[in-house]
Amino acid sequence: MAGKPVLHYFNARGRMESIRWLLAAAGVEFEEKFIESPDDLDKLKNDGSLMFQQVPMVEIDGMKLVQSRAILNYIATKYNLYGKDMKERVLIDMYAEGIADLLEMIMILPLCPADQKDAKLALIKDRSTNRYLPAFEKVLKSHGQDYLVGNKLSRVDIHLTELLYYVEEVDSSLLANFPLLKALKTKISNLPNVKKFLQPGSQRKPPPDPKKIEEVRKMFKF
């Protein structure tokens, strides 16, 4: 019997959090080995575990996978969260790329210099309400179904729900004009596996702490 997937990353959201969300939604228990010092990272590099000398890295099914999108694609395929055919998969990929665009903007916000944060925050709010959220609201409205693709839960519903939580952290009013997105967020959040992941004490990571981020950047010379 195969062991649990093992996730190698910092004790933070970063590029591993979407992987945590997807595994949790699929009902897959996983272990985490946190990188807490430069020596931890060097060990992974030196033993050949990191193909491109960077994390995240996930040990699963006898493989050591890197590159977050490849990891997400594998998990989604393995657990039947990637559509039923090529047309559904390309829609899932297309929507996931749009989600990743906005997610990236939010993810790097804590890393911005103080004198740039107001402008970056204003841009996130503008792109959220005028580009990305309207696009996904339109998709749901166009077919009137419960899920984004194929009227069945897929990885993109999980990714979008994760994103909506982050958007609300930026500004809780940003979802006010998107009733279908709010309904999707509620529906996905109430799925048993996701609901468990959202509970205190789970492996879900809290919002980033700018002070801790700065400490990590100095320690690892990022």
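Basis for what follows: all heavy atoms, side chains included, without hydrogens, waters or symmetry-related copies.
Considering only heavy atoms from C-beta on, His143 stays 4.5 Å or farther from Lys141 through its side chain. Here the side chains of Leu7 and Leu23 are in contact, with some heavy-atom distance below 4.5 Å. At a threshold of 4.5 Å between non-hydrogen side-chain atoms, the residues Ile106 and Ile124 count as touching. Within the 4.5 Å cutoff, no side-chain heavy atoms of Val28 are placed close to those of Lys78. Contact annotation: the side chain of Val139 never approaches that of Leu91 to less than 4.5 Å [non-hydrogen atoms, C-beta and beyond].
The minimum heavy-atom distance between Arg89 and Lys84, with the atom names listed, is NH1-C, 4.1 Å. Residues Gly14 and Tyr9 approach most closely at CA-OH, 3.5 Å, considering heavy atoms. What you find for Phe10 and Ile35 is that their closest heavy atoms are CD2-O, 3.4 Å. Closest of all the heavy-atom pairs between Leu72 and Ser18 is CD2-O, 3.6 Å. Summarising the geometry of Leu81 relative to Ala26, their closest heavy-atom pair is CD1-CB, 4.1 Å, with the distance given to 0.1 Å. Here the closest non-hydrogen pair linking Arg69 and Ala100 is NH2-CB, 3.8 Å.
For the side chain to side chain contact (heavy atoms under 4.5 Å, CB included) test with Val58, the passing option among Ile19, Val66, Val6 is Ile19; the others fail. Checked options Asn151, Asp157, Ile188; the residue passing with Asp146 is Asn151 (criterion: side chain to side chain contact (heavy atoms under 4.5 Å, CB included)).
Under a cut-off of 6.0 angstrom, the local environment of CD in Gln199 is crowded, with over 12 non-hydrogen atoms contributed by other residues, nucleotides or ligands. Other residues, nucleotides and ligands contribute at most 12 non-hydrogen atoms within 6.0 Å of the CE atom of Met51. Crowding of Met63 atom CE: a count of heavy atoms from other residues, nucleotides or ligands under 6.0 Å exceeding 12. Heavy-atom neighbours of Lys64 NZ from other residues, nucleotides or ligands within 6.0 Å: above the threshold of 12.
Panel note: side chain Ser189, backbone Thr186; no donor-acceptor pair is recorded below 3.5 Å. The closest donor-acceptor contact from the side chain of His8 to the backbone of Leu41 lies at 3.5 Å or more, if one exists at all.
Salt-bridge annotation for Arg13 and Glu162: absent, with no side-chain N of the basic residue lying under 4.0 Å from a carboxylate O of the acidic one. Electrostatic pairing of Lys4 and Glu29 counts as a salt bridge here, judged by a charged N lying under 4.0 Å from a carboxylate O. Salt bridge Lys33/Glu59: absent, no basic N to carboxylate O contact under 4.0 Å.
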### Task
Step by step, work out the side-chain hydrogen bond (donor to acceptor under 3.5 Å, both in side chains) result for Asn130 and Asp126.
CA-CA 6 Å; Asn130 294 313; Asp126 176 72; 2.7 Å; yes

Apply side-chain contact (heavy atoms from CB on, under 4.5 Å) to residues Ile99 and Phe136 and explain how you reach the verdict. CA-CA 9 Å; Ile99 290 167; Phe136 291 115; 3.5 Å; yes

Quiz item: Given Leu191 and Leu153, is the side-chain contact (heavy atoms from CB on, under 4.5 Å) satisfied, shown in steps?
Solution: CA-CA 10 Å; Leu191 296 175; Leu153 181 68; 3.9 Å; yes

* Asked: Yes or no on side-chain hydrogen bond (donor to acceptor under 3.5 Å, both in side chains) for Asp39 and Ser37, after CA distance, side-chain angles and deciding distance?
  -> CA-CA 5 Å; Asp39 287 344; Ser37 71; 4.8 Å; no

Under the side-chain contact (heavy atoms from CB on, under 4.5 Å) criterion, do Phe30 and Arg20 qualify, and how do the steps go? CA-CA 8 Å; Phe30 57 87; Arg20 296 183 185 108; 4.0 Å; yes

Legend entry - side-chain contact (heavy atoms from CB on, under 4.5 Å) between Lys187 and Thr161, worked out: CA-CA 9 Å; Lys187 182 177 183 65; Thr161 299; over 6 Å; no

- Start with the C-alpha gap between Lys185 and Glu168, add the side-chain angles, then the distance that decides, and say whether salt bridge (charged side-chain N to carboxylate O under 4.0 Å, His left out) holds. CA-CA 11 Å; Lys185 176 175 172 283; Glu168 286 191 320; 3.1 Å; yes

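Expressed to the nearest 0.5 Å, how far CG of Leu109 lies from OH of Tyr166 amounts to 14.0 Å. Considering CG of Leu123 and CZ of Arg131, their distance stands at 8.5 Å, rounded to 0.5 Å. How far NZ of Lys45 is from CG of Leu50: 7.5 Å, rounded to the nearest 0.5 Å. Leu164 CG to Leu133 CG: the interatomic distance, rounded to the nearest 0.5 Å, is 6.5 Å. Atom CD1 in Ile71 sits 6.0 Å away from atom CE in Met16 (nearest 0.5 Å). Note that CG of Leu163 and CG of Leu103 are 6.0 Å apart. Values are rounded to the nearest 0.5 Å.
Put simply, Val90 and Val156 are part of two different groups of oily side chains (I, L, V, M, F, W, Y) that touch within less than 4.5 Å, one to the next. With hydrophobic clusters built from ILVMFWY side chains whose heavy atoms lie under 4.5 angstrom apart, Leu44 shares a cluster with Phe52. Taking hydrophobic clusters as Ile, Leu, Val, Met, Phe, Trp and Tyr residues chained together by side-chain heavy-atom distances below 4.5 Å, Met57 does not share a cluster with Phe34.
A cation-pi arrangement is present between Arg204 and Tyr165 under the rule of less than 6.0 angstrom and at most 45 degrees off the ring axis. Relative to the six-membered ring of Tyr82, Arg155 meets both conditions, a distance below 6.0 Å and an angle of at most 45° to the axis.
The list of salt bridge (Lys or Arg N to Asp or Glu O under 4.0 Å) pairs with a residue in residues 101-124, not counting sequence neighbours, reads Arg15-Glu104.
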